[in-house]
Structures are given as structure tokens and as C-alpha cells.
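For reference, the structure is listed below as C-alpha cells.
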Amino acid sequence: MSVPSQLDRRAAVAALLKSRGETLVVSGLGSPTYDLHAAGDRDDNFYLWGAMGGAALIGLGLAQAQPSRRVLALTGDGEQLMGLGGIATIGVARPKNLDIVVIDNQHFGETGMQASHTGRGVDLTAIATACGFAVTGTVRTLEEVQRLAVQMAEPADGPRLFVIKVRAENPPRSLPSRDAVFIKNRFRAHLGFAAA
Amino acid sequence: MHSPKPNPETDWPSELYRVLKAADVRQMSYVPDAGHSQLIRLFSADADVTTHVLTTEEEGIAIAAGAWLGGQRSVLLMQSSGVGNCINMLSLSAIGRFPLLMLVTMRGEWAEFNPWQVPMSRATQPSLEAIGLKVMRAETAEDLVETVESAASLAYESDQQIAVLIGQRLIGKKKW
């Protein structure tokens with residue numbers, strides 16, 4: 001078992017995104033979507049309410065369509081564990097503008113707080129390293145998250161995956177729109193694509 | 001010297017490549033498949049197209065949505081056995097009305113040597129339709145090229161989610 005973290009997930013995500021600039025953000029279903037919304041609703045947020053396992057890969061398609069923009073896939077340990085193969089696909093594709101940040105409470109928080117694989121010793125950063133990611137890391141304190149935010153603003157040689165270990169809890173939900181067509185069109189309009 | 005005249009019965013992958021390029025497809029995702037091997041080679045050699053090799057077909061559904069968010073058109077190649085891996089992820093295309101074009105080579109329906117391919121073959125069209133996709137099907141090379149051309153317009157210009165099933169008879173008997 002890994003040591004539980006005391007870091008508050010909302011404070012961590014707020015600190016991570018404080019100086020995000022023009023970074024495009026895709027959030028995975030469940031708490032990361034609520035965390036992203038709680039940090040401020042924006043046109044360049046794409047929230048998932050389903051499609052489990054897909055956040056990082058939506059990030060990949062987006063990053064390769066927008067090579068001049070930095071793309072962040074913000075997801076949870078449960079979602080990224082479901083999309084482990086996607087880490088290999090992203091490692092092979094090797095985009096330089098895609099970061100995956102896993103908000104890792106080591107539990108399946110949406111479905112009864114059972115301990116997840118990361119709480120039982122599985123290390124997502126080691127998997128990403130083995131898949132050829134350029135940089136990986138794990139942080140546990142707010143100060144480390146603030147340093148990570150600065151690091152993420154710097155250019156990369158390939159995809160990066162960072163794990164932020166947080167306390168296992170379910171803060172009050174902060175709910176963005178569930179209308180996927182609206183969120184999609186708003187996001188595309190932000191990039192200059194007219195709604196068809 | 002003269003160039004050999006294209007034979008539509010065998011050159012359909014080149015024709016599909018031409019049609020998809022004309023539709024401005026900029027990303028292609030695939031799970032390796034013998035039926036698609038020529039199309040995969042053509043796209044992989046094209047510097048204007050980003051290709052993704054997947055570990056499982058559902059990844060390509062998410063990549064296609066991301067590509068569209070970023071302003072690019074994407075196509076996904078797979079076998080019918082892979083359709084079963086995609087069903088939950090297809091919720092994303094359906095609920096978000098993301099343009100989606102999947103080209104699916106059929107297994108388990110014509111001169112198939114492997115009985116394990118048969119159940120998913122039977123489930124391919126009904127399960128795609130159950131999650132909300134439009135299914136189009138082609139049995140001849142000529143029909144396939146026209147069908148993909150039409151499917152590309154429907155997908156990218158009318159925000160539809162479409163799977164084109166490529167009949168196994170068209171692929172030919174698998175030689176081992």
C-alpha cells in the first residue's frame with residue numbers, strides 16, 4: 001500500500017491551473033471534471049461525463065490537431081487505469097504538447113471508495129516511463145504542485161505524465177454543463193471553428 | 001512503358017485513400033488488420049496525415065473526438081472483432097454528435113476458418129446500431145468506394161457517426 005496523501009484535490013487542481021494561460025484542458029469523468037469546473041468554467045475546457053478511459057486519448061487527438069497549443073488531460077487514477085493501453089499509444093505517438101495529470105486518490109471514489117490499483121502499488125509514472133514518456137513525476141504537497149505548474153509551462157521533448165497524490169474524499173460536486181454538443185461547440189468556437 | 005490500368009477489384013484500398021484524402025482526413029487510427037494493410041501503408045507514408053497505432057479500438061473513438069475538437073478530420077480502421085471493444089466509448093461520439101467514420105473489415109462471415117470470429121461478426125451491426133451509429137455495408141469494390149465517399153460526407157459535413165462494414169467476401173479468403 002502506498003502512503004495516503006493529505007493534499008486537498010481542489011486546492012491542488014486550482015494551483016496547477018492558476019497560470020495555465022492558453023492550455024487546452026480535457027477532464028476525465030467524475031471528480032476531475034468537477035475539480036476542473038470548480039477551478040473556473042472556461043470555453044477551452046472539455047469536460048467528460050462518460051467515455052471512461054478516453055480523456056488522455058482525446059488529449060492526443062487534440063494535441064496533434066493543434067500542435068502549437070499545449071494540451072492537458074486531467075484525469076483520475078481509476079480512469080487512467082482503464083486506459084493503460086492509451087499510455088502506450090501516446091508514448092508511440094510522442095506528442096510534445098500533451099501532458100497527462102492524474103489526480104490520484106488511490107481509490108475508486110465515484111463507486112464506493114474501494115482501493116484502486118494505485119493504492120495497491122501500481123505506479124502509473126513507471127508505466128509511462130516504460131512507454132517512452134519524456135518526463136514523469138509524482139507530487140504530494142501544494143508546494144510541489146506549484147513547482148509542477150511552473151515546470152509544465154516549459155517546453156517538453158515528448159509527452160509527460162504527472163501524478164498528484166491527493167486525499168481520498170468526495171468534495172461537493174461542482175457541475176459543468178452535461179450537454180456535450182454545447183461543450184464541444186463552445187470549445188471549437190474558442191479555437192475559431194464555426195458551429196456547423 | 002505505360003502505367004497499368006487500376007483494377008478496382010484489387011485496388012480498392014488506393015481508391016479509399018484517394019477518397020479520404022479528398023475529404024481532408026488528417027488523422028488515421030488503426031488496429032493492425034490484413035484487410036486494411038495497404039490503406040495503412042498509404043496513410044503511414046503520407047506526411048500530411050498523423051497516424052496512430054492503437055492498443056485497442058476504443059482508443060480511436062476518443063482520438064477522433066479530440067481531433068475534431070482541434071479542427072481535424074479523422075478516420076478509424078479496424079476489424080469487426082474490434083467493434084465489441086468500442087461500444088461504451090461510442091457514447092462519446094453519439095452524445096457529443098462528433099463526426100465519426102469507422103471502416104470495419106468483416107471477419108467470421110465468409111470463408112472464415114476461425115469459429116471464434118463468428119459470434120462478434122453476428123453482433124457487429126446490431127451492437128453498432130444499438131449505440132446509435134449508422135451502418136453502411138459494401139460487398140463489391142466499386143460499391144465500397146462510393147459508400148465511403150458518401151459516408152465521409154455524412155460524417156464530416158453532417159456530424160454523423162458512421163461505420164462502413166467491408167464484407168469479408170471482398171477481402172478474400174485468409175491465407176496462412
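Throughout, a chain's letter reflects where its sequence line sits, starting with A, and its residues are numbered from 1. FYI, side chains are in, hydrogens and waters are out, and symmetry mates aren't considered; it's all heavy atoms of this structure. Just so we're clear, the structure is a prediction, and the values are computed from it rather than from any experiment.
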query: Looking only at heavy atoms, which two atoms of His52(B) and Ala93(A) are closest? And how far apart?
result: ND1-CB, 4.3 Å
Contact class of Val181(A) relative to chain B, heavy atoms under 4.5 angstrom: both
- request: Could you look at Thr56(B) and say if it's the side chain, the backbone, both or neither that has a heavy atom under 4.5 Å from chain A?
  value: neither
- request: Flag yes if Leu57(A) and Met82(A) sit in one hydrophobic cluster, no otherwise; membership is Ile, Leu, Val, Met, Phe, Trp, Tyr, and two members link when side-chain heavy atoms are under 4.5 Å apart.
  value: no
task: Check whether more than 12 heavy atoms from other residues, nucleotides or ligands sit under 6.0 Å from atom CD of Glu22(A), and answer yes or no.
output: no
task: Please say whether more than 12 non-hydrogen atoms of neighbouring residues, nucleotides or ligands are located less than 6.0 Å from CD1 in Ile95(B).
output: no
task: Find out whether Leu92(B) and Ile58(A) are in side-chain contact, i.e. whether some heavy atom of one side chain is under 4.5 Å from a heavy atom of the other.
output: yes
- prompt: For Leu69(B), which of Leu24(A), Asp44(A), Leu62(A) qualifies under side-chain contact (heavy atoms from CB on, under 4.5 Å)?
  reply: Leu62(A)
- prompt: What are the two closest heavy atoms between Arg188(A) and Trp68(B), and how far apart are they?
  reply: NH1-O, 2.6 Å
- prompt: Cluster question for you: counting only ILVMFWY and a side-chain heavy-atom cut-off of under 4.5 Å, with indirect links fine, are Leu16(B) and Leu154(B) together?
  reply: yes
Hydrophobic cluster identity match, Ile87(A) and Val122(A), side-chain contacts under 4.5 Å: yes
- prompt: Can you get from Leu161(A) to Val139(A) by hopping between Ile, Leu, Val, Met, Phe, Trp and Tyr side chains that sit under 4.5 Å apart?
  reply: yes
message: Please give me the minimum heavy-atom distance between Arg97(B) and Lys184(A), naming the atom from each residue.
response: O-NZ, 2.7 Å
message: Please give me the minimum heavy-atom distance between Leu191(A) and Gly70(B), naming the atom from each residue.
response: CD1-CA, 4.0 Å
field: Heavy-atom pair with the smallest gap, counting every atom of Ala62(B) and Gly54(A)
entry: CB-O, 3.6 Å
- prompt: Is the NZ atom of Lys134(B) crowded by more than 12 outside heavy atoms at less than 6.0 Å?
  reply: no
- prompt: Measuring heavy-atom distances to chain B, does Leu48(A) have an atom under 4.5 Å in its side chain, in its backbone, in both, or in neither?
  reply: side chain
message: To check you understand the geometry: which heavy-atom pair defines the closest contact between Gln72(B) and Gln64(A), and what is its length?
response: OE1-O, 4.1 Å
- prompt: Under 4.5 Å between side-chain heavy atoms, hopping through other hydrophobics if needed: is there a path connecting Leu42(B) to Val145(B)?
  reply: yes
- prompt: If you count heavy-atom pairs under 4.5 Å with chain A, which of Gly71(B), Ser93(B), Ser29(B) comes out on top?
  reply: Gly71(B)
query: Okay, side chain of Glu59(B), backbone of Thr89(A): is any donor-acceptor separation there less than 3.5 Å?
result: no
